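Bear in mind that the values here come from a model prediction, so they are computed numbers and not experimental data. Values reported hereafter were calculated over all heavy atoms of this structure, with side chains retained and with hydrogens, waters and symmetry mates removed.
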Amino acid sequence: MLDFERVQIALENLGATADAAESHGTLCALLLDDAVFATWLSHTLEDLPDQGNVLAAERLGVLEELYQLTREQLHDEELGLQLLLPDESEDFGLRLLGLASWCQGFLYGVGVVGIGSDDRLDVEARECLSDLLEISKLRHDEESSEESELQFAEIVEHVRMSALLLYESLNPLKPESTVH
């Protein structure tokens with residue numbers, strides 16, 4: 001996965017409307033509906049930079065790299081999706097806030113693509129969305145402890161698997177045909 005701080009800086013310098021965690025959550029949800037890079041940018045940046053702006057092109061390159069990597073991870077049969085969250089060395093409260101922001105972005109993206117009330121979602125997928133809604137309300141004033149760190153890791157894994165379950169639910173893997 002790309003470095004959180006690198007993506008955060010690129011987004012800030014491009015005038016993004018959200019932080020890196022929220023933007024990645026939105027991207028993951030938009031990819032449930034196979035959104036293109038430009039669609040994600042339109043929901044992430046206030047305005048697209050001028051095409052002649054070299055610094056902006058470099059920063060857009062970081063975002064395009066994140067888009068491609070996330071797309072590959074969602075298609076990965078090994079369930080390789082990684083959430084873009086603040087690094088473990090960051091303050092625990094900041095990491096909680098990042099996870100809540102990721103979920104808020106994901107739920108925003110779900111609303112954009114219109115799958116929140118989708119009949120294609122089974123009971124388990126609807127429960128995942130409900131869980132993400134609750135996680136999006138996490139408070140960031142929690143103190144770090146061994147137990148809270150363990151719980152945080154479990155919640156991150158639940159969010160990751162929920163995103164993958166929703167992706168699979170809406171985009172079932174098609175078995176490759178074999179030629180005899």
#### Entry: Separation between CD of Gln68 and CD of Glu64, rounded to the nearest 0.5 Å
6.0 Å
### Query
Is any side-chain heavy atom of Arg71 closer than 4.5 Å to a side-chain heavy atom of Leu27?
no
### Message
Please tell me whether Leu84 and Leu164 are part of a single hydrophobic cluster in this structure, the criterion being side-chain heavy atoms less than 4.5 Å apart.
### Response
yes
### Task
Please lay out, stage by stage, how Ile135 and Leu99 fare under the test side-chain contact (heavy atoms from CB on, under 4.5 Å).
CA-CA 8 Å; Ile135 295 167; Leu99 181 58; 4.1 Å; yes
### Task
Decide yes or no for Arg139 and Leu96: does some side-chain heavy atom of the first lie under 4.5 Å from some side-chain heavy atom of the second?
no
### Query
Where do Asp122 and Arg126 land on the side-chain contact (heavy atoms from CB on, under 4.5 Å) test, with the steps shown first?
CA-CA 6 Å; Asp122 60 18; Arg126 289 180 192 277; over 6 Å; no
### Ala35 backbone acceptor or donor facing Thr39 side chain under 3.5 Å
no
### Message
Checking the side chain of Asp76 only, and the main-chain atoms of Glu72 only, is there a donor and an acceptor separated by less than 3.5 Å?
### Response
no
#### Entry: side-chain hydrogen bond (donor to acceptor under 3.5 Å, both in side chains) partners of residues 92-112, not counting sequence neighbours, each pair once
His24-Trp102, His43-Tyr108, Arg95-Glu149
### Summary
When rounded to the nearest 0.5 Å, the distance separating CG of Leu138 from SG of Cys103 is 7.5 Å
### Query
Within a strict 4.5 Å, meaning less than it, do heavy atoms of the Glu65 and Val7 side chains meet?
no
### Message
Counting only heavy atoms not in Glu88 (residues, nucleotides, ligands), do more than 12 fall under 6.0 Å from its CD?
### Response
no
### Message
Applying a strict under-4.5 Å side-chain criterion to I, L, V, M, F, W and Y, I'd like to know whether Leu165 and Leu83 cluster together.
### Response
no
#### Entry: Donor-acceptor under 3.5 Å (Asp87 side chain, Glu90 main chain)
no
### Query
Are Leu121 and Met161 joined in one hydrophobic group, where the rule is that I, L, V, M, F, W and Y side chains link up if heavy atoms are under 4.5 Å apart?
yes
### Message
Checking the side chain of Thr17 only, and the main-chain atoms of Thr44 only, is there a donor and an acceptor separated by less than 3.5 Å?
### Response
yes
### Task
Indicate yes or no: at least one non-hydrogen side-chain atom of Leu31 is less than 4.5 angstrom from one of Trp40.
no
### Message
I need the His75 NE2 to Glu168 CD distance, nearest 0.5 Å.
### Response
10.5 Å
### Query
Is there a donor in the side chain of Glu12 and an acceptor in the side chain of Gln8, or the other way round, less than 3.5 Å apart?
yes
### Message
I'd like to know if Phe4 and Leu97 are part of one continuous hydrophobic network [Ile/Leu/Val/Met/Phe/Trp/Tyr, side-chain heavy atoms within less than 4.5 Å].
### Response
no
### Query
Does the side chain of Thr26 reach to within under 4.5 Å of the side chain of Phe106, using non-hydrogen atoms?
no
Can you give me every donor-acceptor pair (side chain of residues 54-61, partner residue at least two apart or in another chain, under 3.5 Å) with its distance?
none

### Non-hydrogen atoms of Ser162 and Cys128 that approach each other most closely
OG-SG, 3.6 Å
### Query
Heavy-atom count around Glu157 CD within 6.0 Å, excluding the residue itself: above 12?
yes
### Summary
The single option from Leu81, Leu166, Leu32, Asn171 that satisfies side chain to side chain contact (heavy atoms under 4.5 Å, CB included) with Leu74 is Leu81
#### Entry: CG-NZ distance between Leu133 and Lys137, expressed to the nearest 0.5 angstrom
4.5 Å
### Closest non-hydrogen atom pair between Thr70 and Cys28, with its separation
CG2-SG, 3.6 Å
### Message
Before you tell me yes or no, could you show the steps for Leu14 and Leu63 under side-chain contact (heavy atoms from CB on, under 4.5 Å), namely the whole-Å CA-CA distance, both residues' side-chain angles and the distance that decides it to 0.1 Å?
### Response
CA-CA 10 Å; Leu14 288 167; Leu63 299 186; 3.7 Å; yes
### Query
Shared ILVMFWY cluster between Leu129 and Leu170, side chains joined below 4.5 angstrom?
yes
### Query
Hey, does the side chain of Ser23 reach the backbone of Ala20 with a donor-acceptor pair shorter than 3.5 angstrom?
no
### Message
Measuring only between side-chain heavy atoms, which start at C-beta, is Tyr167 closer than 4.5 Å to Leu79?
### Response
no
### Message
Distance check, rounded to the nearest 0.5 Å: Leu66 atom CG versus Arg6 atom CZ?
### Response
10.0 Å
### Query
Taking atom types as modelled, is there a side-chain donor on Ser148 or Ser145 under 3.5 Å from an acceptor on the other?
yes
### Query
Do Arg160 and Gln82 have side-chain heavy atoms sitting under 4.5 Å apart?
no
